[in-house]
Amino acid sequence: MLAVEAFRATDPVTFEESWSTANLGTVTGGAYARAYLGSLQLSAVTAVLGAVLGLALAFAVVGTRLGRLLRRLVLTASGVLANFGGVPLAFAFLATIGNAGVVTALLTDTLGLDGFSLYSMAGLALVYLYFLVPLMVLTIVPAVEALRPQWREASDVLGASRWQYWRHVGGPVLLPPVLGATMLLFASAFAAYATAKALVGSSLPLVTLQIADSLSSNVVVGAENLGKALALGMVVLVGLVMAFYTWVQRRTSRWLA
């Protein structure tokens, strides 16, 4: 449906419809191109940060000596937080570190800290990490657990250092699942809408917010097909990312089988 409707053009005066490629040309320039760029930058930064923090937490969980209870608690909490988003997540951050948030007021009054804004791209990235890091933990823990202790023991017996083990054994085995999980985080952040809409409205250039404005004709009357062209571009980009994710997962299954 998107592939068809993206090629329809509606006259803003007569509302007559015709077939045209003008929508695709429009969404590749101007404010729409900035929206794509803003979403790509936000998704890339949060995906990389979420992957690094989630991987570190996954290693801490797998290597903990405090028993399986703590591991189950962390994984259960990650399962909950990975699905916690939208308006409730935005409200939680607004009430905590918004302009009148509890933590913001405490830091401002006691420490004199000022300057950070939750309603900026950096603030939105912080909110996204709240559900991207748990998602990374859930995705990468099975791969970390699949690193066999015998591999490390064999490298120690052969006189390899810790760096050589990760350079030649652990790193190559763990790299495909880490890349795949990062792509998954990227797709999740790129497609997020409700949290950004509730937190920043239309003040930041994000493609999901531009789609909503176009479908509701907040920009140009009769611009619904522009929104569908934007959505078609999102489908193509996310499809490419998920195709790469599927390819990486297939390679990972060969190593960790």
Side-chain angles (χ1 to χ4, degrees), residues 35-58 60-61 70 72-108 113-141 181-216 218 227 230-231 234-235 237-238 241-242 245:
Y36 271 118
L37 182 61
S39 290
L40 289 173
Q41 290 176 341
L42 177 63
S43 303
V45 170
T46 54
V48 172
L49 290 177
V52 172
L53 296 176
L55 182 62
L57 183 56
V61 171
L70 178 61
R72 287 186 178 182
L73 289 175
V74 173
L75 293 180
T76 302
S78 298
V80 174
L81 297 178
N83 294 281
F84 182 55
V87 177
L89 178 60
F91 176 77
F93 272 86
L94 285 172
T96 307
I97 58 176
N99 288 340
V102 178
V103 176
T104 303
L106 179 63
L107 294 178
T108 303
L113 298 179
D114 195 9
F116 174 78
S117 176
L118 185 63
Y119 314 105
S120 62
M121 194 69 80
L124 189 59
L126 176 64
V127 177
Y128 276 23
L129 288 176
Y130 192 81
F131 60 85
L132 291 180
V133 172
L135 180 59
M136 180 65 181
V137 173
L138 292 176
T139 308
I140 205 63
V141 160
T182 305
M183 292 297 100
L184 186 63
L185 298 187
F186 177 88
S188 179
F190 188 67
Y193 164 73
T195 302
K197 181 65 175 178
L199 189 63
V200 299
S202 299
S203 61
L204 294 181
L206 298 178
V207 65
T208 51
L209 303 180
Q210 284 282 3
I211 291 173
D213 289 338
S214 298
L215 292 178
S216 59
N218 287 343
L230 287 169
M234 284 193 65
V235 169
L237 289 174
V238 173
V241 171
M242 297 311 296
Y245 172 75

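A quick note: this is a predicted structure, and the numbers were derived from the prediction, not measured. Numbering of residues begins at 1 and proceeds along the displayed sequence.
Considering all non-hydrogen atoms of both residues, Leu206 and Ala196 come closest at CD1-CB, 3.8 Å. Annotation for Ala187 and Met242: closest pair CB-SD, 3.9 Å, computed over non-hydrogen atoms. Nearest heavy-atom pair across Val141 and Ala58 is CG2-CB, 3.8 Å. Summarising the geometry of Pro205 relative to Met121, their closest heavy-atom pair is CD-CE, 4.4 Å, with the distance given to 0.1 Å. Considering every non-hydrogen atom in both Ile140 and Gly54, the closest pair reads CG2-O, 4.3 Å. Closest approach of Pro134 to Ser78, counting heavy atoms only: CB-O, 3.4 Å.
Side-chain atoms of Ser188 never come within 3.5 Å of backbone atoms of Leu184 as a donor-acceptor pair (strictly under, hydrogens ignored). Tyr36 places a side-chain N or O within donor-acceptor distance of the main-chain N or O of Leu230, the cut-off being under 3.5 Å.
We find the CZ-CG distance between Phe93 and Leu124 to be 10.5 Å, quoted to the nearest 0.5 Å. To the nearest 0.5 Å, the span separating OG1 on Thr96 from CZ on Phe91 amounts to 9.0 Å. Of the inter-residue distances, the one linking Met234 atom CE with Ser39 atom OG reads 6.5 Å to the nearest 0.5 angstrom. Interatomic distance, CG of Leu209 versus CG of Asp213, reported as 7.0 Å (0.5 Å rounding). Atom CZ of Phe186 is separated from atom CG of Leu237 by 7.0 Å, given to the nearest 0.5 angstrom.
The one candidate from Leu89, Thr46, Leu132 that meets the side-chain contact (heavy atoms from CB on, under 4.5 Å) condition with Val127 is Leu89. When the options Val241, Val207, Leu185, Thr208 are evaluated for a side-chain contact (heavy atoms from CB on, under 4.5 Å) with Phe190, the one that passes is Val207.
Under a cut-off of 6.0 angstrom, the local environment of CZ in Phe84 is crowded, with over 12 non-hydrogen atoms contributed by other residues, nucleotides or ligands.
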